[in-house]
Amino acid sequence: MPKPSSKLPKQPTNAVKSEPKTYTFFEDVWAVTRQIPKGRVTTYGAIANYLGTKLSARMVGWAMNAAHTAKPKIPAQRVVNRNGMLTGKMHFKTPTLMQELLEKDGVAVENDTVVEFKKLFWDPALALAI
DNA sequence: ATCGTGACCTAAA
DNA sequence: GTTTAGGCCACGA
């Protein structure tokens with residue numbers, strides 16, 4: 001679990017000249033996503049908040065888009081929007097894959113929305129307790 | 001270098 | 001209650 005750059009001052013993407021390809025933002029997002037317990041779900045906003053960029057939750061989604069390039073498999077199915085709706089299901093290999101994975105984790109999905117989403121919500125900022 | 005886009009969120013009408 | 005608009009940052013072309 002790499003240290004997330006929470007509340008870091010404005011640091012350019014390629015701040016570390018030693019390592020040309022350091023996608024801190026992506027890695028952080030992926031790290032958080034991987035730490036989502038099985039059967040739980042979180043939101044882009046929560047991750048963004050944990051990373052300190054709550055104002056730009058969109059980037060979290062962007063990171064998820066790049067998650068496809070991540071080496072370890074990223075449980076992106078556990079990341080949904082604020083409404084608990086599987087907005088990114090269409091970005092999966094198959095539109096139904098996300099729902100199936102969630103159901104496999106024990107999360108009931110109905111109408112492209114996580115049932116009892118509020119109950120299954122997993123806040124990284126709370127769990128990781130900065 | 002600029003421009004457009006995006007798996008979002010919040011607030012206002 | 002719904003719908004609309006604005007904002008935010010990173011990435012690809």
Side-chain angles (χ1 to χ4, degrees):
Chain A
M1 54 195 173
K3 263 194 176 177
S5 55
S6 58
K7 293 200 172 174
L8 265 177
K10 290 206 170 174
Q11 200 166 2
T13 319
N14 51 357
V16 185
K17 54 194 170 186
S18 302
E19 300 189 26
K21 346 176 198 184
T22 74
Y23 297 109
T24 24
F25 195 85
F26 283 31
E27 285 188 3
D28 288 348
V29 175
W30 296 339
V32 176
T33 308
R34 281 198 222 98
Q35 285 160 34
I36 300 175
K38 182 181 177 183
R40 306 296 285 282
V41 291
T42 188
T43 68
Y44 304 93
I47 297 175
N49 188 7
Y50 171 71
L51 295 178
T53 59
K54 62 174 185 180
L55 293 178
S56 342
R58 295 177 132 198
M59 303 305 94
V60 180
W62 238 195
M64 287 291 121
N65 189 2
H68 205 281
T69 67
K71 297 159 197 155
K73 198 174 164 190
I74 305 280
Q77 69 273 9
R78 294 173 189 166
V79 183
V80 295
N81 69 343
R82 196 65 177 105
N83 283 325
M85 186 172 158
L86 311 182
T87 50
K89 67 170 186 180
M90 51 171 85
H91 277 272
F92 278 75
K93 196 164 185 182
T94 62
T96 55
L97 180 61
M98 189 174 186
Q99 181 172 339
E100 292 208 7
L101 288 172
L102 280 172
E103 289 179 349
K104 212 169 184 180
D105 284 352
V107 179
V109 178
E110 205 168 299
N111 228 349
D112 296 345
T113 310
V114 177
V115 184
E116 301 281 320
F117 158 73
K118 194 176 176 184
K119 195 161 102 179
L120 297 174
F121 177 71
W122 178 82
D123 192 347
L126 214 67
L128 301 179
I130 302 173

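These values consider heavy atoms only, across backbone and side chains, with no hydrogens, waters or symmetry-generated copies. Protein chains get the first letters and strands the later ones, always in sequence-line order, with residue 1 at the start of each.
Atom NZ in Lys104(A) sits 9.0 Å away from atom NZ in Lys38(A) (nearest 0.5 Å). Between atom OH of residue Tyr44(A) and atom OG1 of residue Thr87(A) there is a gap of 4.0 Å, rounded to the nearest 0.5 Å. Atom OG1 of Thr43(A) sits about 10.5 Å away from atom CG of Asn83(A), to the nearest 0.5 Å.
Protein atom CG of Asn65(A) is 12 Å distant from nucleotide atom P of dC11(C), rounded to whole Å. When rounded to the nearest whole Å, the span between CE of Met64(A) and P of dC9(C) equals 19 Å. Distance CH2 (Trp62(A)) to C1' (dC8(B)): 11 Å, rounded to an integer number of Å. Taking atom OH on Tyr50(A) and atom C1' on dC9(B), their separation rounds to 21 Å, with Å as the unit. When rounded to the nearest whole Å, the span between CZ of Phe25(A) and P of dG12(C) equals 14 Å. Spacing between atom CD1 of Ile74(A) and atom C1' of dA7(B) amounts to 14 Å, rounded to whole angstrom units. As a whole-Å value, the separation of Phe26(A) CZ from dC9(C) P is 15 Å. What separates CG of Leu51(A) from C1' of dC9(C) is a distance of 12 Å, to the nearest Å.
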Practice item. Test side-chain contact (heavy atoms from CB on, under 4.5 Å) on Gln77(A) and Val107(A) and set out the steps. Key: CA-CA 10 Å; Gln77(A) 69 273 9; Val107(A) 179; over 6 Å; no
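In the hydrophobic clustering of ILVMFWY residues, with side-chain heavy atoms under 4.5 Å counting as a link, Phe117(A) and Val32(A) come out apart.
Atom CZ of Arg40(A) is surrounded by more than 12 heavy atoms from other residues, nucleotides or ligands within 6.0 Å.
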Dump every N/O contact between nucleotides 3-7 of chain C and the protein below 3.5 Å, one line per pair.
unit_1	atom_1	unit_2	atom_2	d
dG7(C)	O6	Arg58(A)	NH2	3.1

Grab the N/O contacts between the protein and nucleotides 10-13 of chain B below 3.5 Å, and write none if there aren't any.
none

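Here dA7(B) is the nucleotide among dC9(B), dA7(B), dA10(C) with the atom lying nearest to any side-chain atom of His91(A).
When heavy atoms are screened at a 4.0 angstrom cut-off, Ala76(A) is found touching base atoms of the nucleic acid.
Heavy-atom minimum distance, Met98(A) versus Ala76(A): CE-O, 3.8 Å.
Between Pro75(A) and Ile36(A) there is no side-chain heavy-atom pair separated by less than 4.5 Å.
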